[in-house]
Amino acid sequence: MKKWFIALAGLLLTVTLAGCGNQTVATTSGGKITESAYYSSLKGTSSGKQVLQQMILNKVLEKQYGDKVKKSQVTKQFNTYKTQYGSSFKSVLSQSGMTESSLKTEIRSNLLLKEAVKDNVTITDAQYKKQFKSYEPEVSVAHILVSKKSTANKIISELKDTKKSDMTSEFTKLAKKYSTDTATKNKGGKLSAFDSTDTSLDSTFKKAAFKLKTGEYTATPVKTQYGYHVILMLKNPGKGTIKEHKAELKKQIIDNDMNDSTVLHNVVAKVLKKGDVSIKDNDLKNILSDYLSSSKSSTTSNSSSK
């Protein structure tokens with residue numbers, strides 16, 4: 001749930017500023033506080049300026065890329081977060097000062113920014129080659145987790161005389177018999193498919209798995225913080241070539257760019273310049289100076305924008 005300028009939940013604070021007139025925001029025994037007084041006070045704070053920056057960026061992003069982000073994309077990502085946090089989802093939102101609606105707004109803002117990054121970066125052949133070095137396509141594996149190395153070796157020994165055609169069924173029986181992973185033991189030890197970008201699995205586990213071809217299993221126990229694993233490769237399409245996986249590589253590079261402050265700064269600068277932004281309040285006229293006065297005009301991904 002990353003932000004560029006500030007949490008979009010903060011935008012809720014600006015709702016009463018829309019008219020920015022003399023309507024009363026609050027009354028006290030010492031007098032009333034008007035919208036204009038509130039606005040004058042808020043605009044002098046760093047958080048107030050950040051909120052305005054985000055509002056401006058949202059407007060220009062929506063104008064330039066709004067037709068490229070569908071409601072279904074926002075809903076899909078929202079549901080992913082909801083599933084990820086499960087029963088604690090509402091409390092996580094509350095602790096973040098957000099509502100379901102403001103989260104969806106933030107997701108849309110992030111997706112719009114991602115479209116801007118795609119549109120304003122040039123990915124070089126060198127970058128594709130660099131990304132391909134660590135790239136591994138999506139694979140499906142099953143595993144048996146045990147606490148002792150001797151038990152893992154026993155399982156491997158039992159698999160040695162198994163015919164290739166019977167390997168999956170035999171592995172399923174052994175998983176049910178030996179595995180301490182209660183979430184997968186009754187499913188033959190099968191895990192969700194993953195690729196090299198996965199961050200949920202132990203790196204040692206992934207490294208051992210990617211070395212296996214379809215139907216192969218680890219000849220020695222794989223030790224992780226959870227214990228000892230025996231891994232069976234159910235499906236490995238093979239690494240292939242850069243050309244075959246260019247779309248996936250591009251997606252990974254763009255995802256990396258979304259976490260690169262230099263790339264984002266340059267992209268935002270281009271988006272704002274194209275947005276023909278004009279600040280009418282003299283006290284806030286320099287609010288975008290870091291972007292609109294940027295001398296950088298061209299870069300490549302991870303260092304510059306197109």
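Both backbone and side-chain heavy atoms feed into the values below; hydrogens, waters and symmetry mates do not.
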Stepwise side chain to side chain contact (heavy atoms under 4.5 Å, CB included) check, Y85 with S88: CA-CA 6 Å; Y85 289 102; S88 62; 4.0 Å; yes
Test side chain to side chain contact (heavy atoms under 4.5 Å, CB included) applied to N256 and Q131, step by step: CA-CA 10 Å; N256 291 338; Q131 190 67 27; 3.4 Å; yes
K251 vs D255, salt bridge (charged side-chain N to carboxylate O under 4.0 Å, His left out): CA-CA, chis, key distance, verdict: CA-CA 6 Å; K251 181 180 180 299; D255 285 342; 3.3 Å; yes
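Sorted by first and then second residue, the side chain to side chain donor-acceptor pair (under 3.5 Å) pairs with a member in residues 208-223 form an empty list; sequence neighbours excluded. Sorted by first and then second residue, the pairs that involve residues 61-73 and meet side chain to side chain donor-acceptor pair (under 3.5 Å), not counting sequence neighbours, are E62-R108, Y65-D119, Y65-N120. Screening residues 160-176 for side chain to side chain donor-acceptor pair (under 3.5 Å), with sequence neighbours left out, gives no hits.
In this structure Y178 satisfies the ring pair (Phe, Tyr, Trp, His ring centres under 6.0 Å) test with no other residue, sequence neighbours excluded. Taking K280 as the reference, S278 meet the side-chain hydrogen bond (donor to acceptor under 3.5 Å, both in side chains) condition, with sequence neighbours excluded. Not counting sequence neighbours, Y226 has no partner by the ring pair (Phe, Tyr, Trp, His ring centres under 6.0 Å) test. Legend: residues meeting ring pair (Phe, Tyr, Trp, His ring centres under 6.0 Å) with Y128, ordered by chain and number and at least two apart, are absent. With sequence neighbours left out, N153 forms a side chain to side chain contact (heavy atoms under 4.5 Å, CB included) with K149, I156, P221. Applying the side-chain hydrogen bond (donor to acceptor under 3.5 Å, both in side chains) rule to D283 yields the partners K43; only residues at least two apart in sequence or on another chain are considered. When the side chain to side chain contact (heavy atoms under 4.5 Å, CB included) test is applied to T197, the partners found at least two apart in sequence or on another chain are D195, Q252.
Counting all heavy atoms, side chain and backbone alike, Q53 lies closest to I287 at NE2-O, 3.0 Å. Considering every non-hydrogen atom in both L57 and V271, the closest pair reads CD1-CG1, 4.3 Å. Of all non-hydrogen atoms in Y81 and F89, the two that sit nearest each other are O-CD1, 4.0 Å. Heavy-atom minimum distance, L264 versus M258: CD1-O, 3.4 Å. When all heavy atoms of G188 and F171 are compared, the pair lying nearest together is O-CD2, 3.7 Å. A pairwise comparison of heavy atoms in Y291 and A269 identifies O-CB, 3.5 Å as the closest pair.
Counting only N and O atoms by type, the side chains of T99 and S101 include no donor and acceptor under 3.5 Å apart. A side-chain N or O of T124 and one of Q127 form a donor-acceptor pair less than 3.5 Å apart. A donor and an acceptor atom, one from each side chain of Q54 and N58, are located under 3.5 Å apart.
There is no path of hydrophobic side-chain contacts, each under 4.5 Å, that joins L145 to Y228.
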Can you give each donor-acceptor pair under 3.5 Å made by side-chain atoms of residues 232-247, sequence neighbours left out, with the distance rounded to 0.1 Å?
from	atom 1	to	atom 2	distance (Å)
N236	OD1	G238	N	2.9
N236	ND2	L212	O	2.8
K239	NZ	F132	O	2.8
K239	NZ	K133	O	3.3
K239	NZ	Y135	O	3.4
T241	OG1	E244	N	3.3
E244	OE1	T241	N	2.9
H245	ND1	Y135	OH	3.1
H245	ND1	E248	OE2	3.2
H245	NE2	K239	O	2.8

Return a table of donor-acceptor pairs under 3.5 angstrom between the side chains of residues 202-209 and protein atoms on other chains or two or more places apart.
from	atom 1	to	atom 2	distance (Å)
D202	OD1	T204	N	2.8
D202	OD1	T204	OG1	3.4
D202	OD1	F205	N	3.4
K206	NZ	D198	O	2.5

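Rounded to the nearest 0.5 Å, atoms NZ (K154) and OG (S157) are 9.5 Å apart. The distance from atom NZ of K185 to atom CG of L174, rounded to the nearest 0.5 Å, is 11.5 Å. Taking CG from L103 and CD from Q77, the interatomic distance works out to 8.5 Å, rounded to the nearest 0.5 Å.
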